[in-house]
Amino acid sequence: MRRWTTSIAAILIAVTTVLALASLTGQGTAWSGSRVYSAFASAKVVDLRENNLVDELAGLPLSVRIAKVNLDQSILSVELKIGEKSYQPSVLYLDMAELIRFAFERTSNVSQLLIRLVAEDKWVGTKHLLLAADVRRGEWPSSALDDLENLGDQPLSGELKRYFRISATSLWKNRFERTDW
């Protein structure tokens, strides 16, 4: 009888522990003004489609406004519009990294991400391409994304340009890659 009671107690403790862990993965709790999440919670992976494209992208914490977006089978194209506000390269790199993480870590069907950074001149009504990237799933080391996020305001390295197929226009180079300051 004592063995039976010990077994039931062990099962109740195990079930209680599992339920407690499950409740932590579903929602954060307040702790010093921040949210705490379970280390076992996995990010939601979505199958990106025309019917959920806007909702999924609207939830991204981007500093620059999305001007255009298109999903053509497995190719996601995003145009970021830089308006009158001046941005440091670090902010733009972080937005690019956020889009890359979204496309390749939180979607199941995007194999290629095209990013365009465009400056808009409201005085004359023109747009100017600053930077373009053609990022492909599995064609860059995971450390490259961390390098992009931690680049700060430094110019893009040749490796990052190669990994993410980044092309910079003369406008970008004149504004952000000048060395004669």
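Remember, predicted model here, so these are calculated numbers, not experimental data. This chain uses plain numbering: 1 for the first residue, then up along the sequence.
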Please list, chain by chain and in numerical order, all residues satisfying side chain to side chain contact (heavy atoms under 4.5 Å, CB included) with Ser142, sequence neighbours excluded.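 Ser142 satisfies side chain to side chain contact (heavy atoms under 4.5 Å, CB included) with no other residue.
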Not counting sequence neighbours, which residues clear side chain to side chain contact (heavy atoms under 4.5 Å, CB included) with Ala119? List them please.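 For Ala119 the side chain to side chain contact (heavy atoms under 4.5 Å, CB included) partners, ignoring immediate neighbours, are Leu130.
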Atom of Asp55, atom of Asn51 and distance for their closest heavy-atom approach: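 For Asp55 versus Asn51, the nearest heavy atoms are OD2-O, 4.4 Å.
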Shortest non-hydrogen contact from Lys173 toward Ala168: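 Of all heavy-atom pairs spanning Lys173 and Ala168, the closest is CE-O, 3.5 Å.
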Residues forming a salt bridge (Lys or Arg N to Asp or Glu O under 4.0 Å) with Asp146, sequence neighbours excluded: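 Applying salt bridge (Lys or Arg N to Asp or Glu O under 4.0 Å) to Asp146 gives Arg101.
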Taking salt bridge (Lys or Arg N to Asp or Glu O under 4.0 Å) as the definition, give me every residue that meets it alongside Asp47, ordered by chain and number, with sequence neighbours left out.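 Here the qualifying residues are Arg49.
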Atom [atom1] in [X], atom [atom2] in [Y]: separation rounded to 0.5 Å?
X      : Y      : atom1 : atom2 : answer
Phe102 : Leu57  : CZ    : CG    : 4.5 Å
Asn150 : Ser90  : CG    : OG    : 11.0 Å
Tyr93  : Asp153 : OH    : CG    : 7.5 Å

Hydrophobic clusters join Ile, Leu, Val, Met, Phe, Trp and Tyr when side-chain heavy atoms are under 4.5 Å apart, directly or via other members; which others share one with Leu129?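 Answer for Leu129: Val118.
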Any non-hydrogen side-chain atom of [X] less than 4.5 Å from a side-chain atom of [Y]?
X      : Y      : value
Leu117 : Asp95  : no
Glu56  : Val46  : yes
Met96  : Leu156 : no

Among pairs that include at least one residue of residues 66-88, which meet ring-ring contact (aromatic ring centres under 6.0 Å, His included), considering only residues two or more places apart or in two chains?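 Passing the test, one end in residues 66-88: no pairs.
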Residue pairs fulfilling ring-ring contact (aromatic ring centres under 6.0 Å, His included) with at least one residue in residues 132-157, sequence neighbours excluded: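 Those involving residues 132-157 are Trp140-Phe164.
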By side chain to side chain donor-acceptor pair (under 3.5 Å), which residues pair with Ser157, not counting sequence neighbours?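 With neighbours one apart ignored, the set is empty.
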Residues in side chain to side chain donor-acceptor pair (under 3.5 Å) contact with Ser170, at least two apart in sequence or another chain: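 Checked Ser170 against side chain to side chain donor-acceptor pair (under 3.5 Å); zero matches.
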With clusters defined by side-chain heavy atoms of hydrophobic residues (ILVMFWY) lying less than 4.5 Å apart, directly or transitively, does Leu80 cluster with Val54?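 Different clusters.
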Sequence neighbours excluded - side-chain hydrogen bond (donor to acceptor under 3.5 Å, both in side chains) pairs with any residue from residues 158-167: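 Residue pairs passing side-chain hydrogen bond (donor to acceptor under 3.5 Å, both in side chains), neighbours aside: Glu139-Arg165.
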Listing, residues 62-79 side-chain donor-acceptor contacts under 3.5 Å, not counting sequence neighbours, or none:
| residue | atom | partner | partner atom | Å |
| --- | --- | --- | --- | --- |
| Ser74 | OG | Ser111 | OG | 2.8 |
| Glu79 | OE1 | Arg116 | NE | 3.4 |
| Glu79 | OE2 | Lys127 | NZ | 3.2 |

Quick check on side-chain contact (heavy atoms from CB on, under 4.5 Å): which of Leu94, Leu60, Leu114 does Leu99 satisfy it with?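 Only match with Leu99 under side-chain contact (heavy atoms from CB on, under 4.5 Å): Leu60.
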Show the numbers, then the answer: is there a side-chain contact (heavy atoms from CB on, under 4.5 Å) between Trp172 and Leu92? CA-CA 12 Å; Trp172 176 271; Leu92 303 174; 3.6 Å; yes
Considering only distance and modelled atom types, tabulate donor-acceptor pairs under 3.5 Å from the side chains of residues 131-138, sequence neighbours left out.
| residue | atom | partner | partner atom | Å |
| --- | --- | --- | --- | --- |
| Asp134 | OD1 | Gln112 | NE2 | 2.7 |
| Asp134 | OD1 | Arg136 | NE | 3.2 |
| Asp134 | OD2 | Gln112 | NE2 | 3.3 |
| Asp134 | OD2 | Arg136 | NH2 | 2.8 |
| Arg137 | NE | Val110 | O | 2.8 |
| Arg137 | NH1 | Phe104 | O | 3.0 |
| Arg137 | NH2 | Ala103 | O | 3.3 |
| Arg137 | NH2 | Thr107 | O | 3.2 |
| Arg137 | NH2 | Val110 | O | 2.6 |

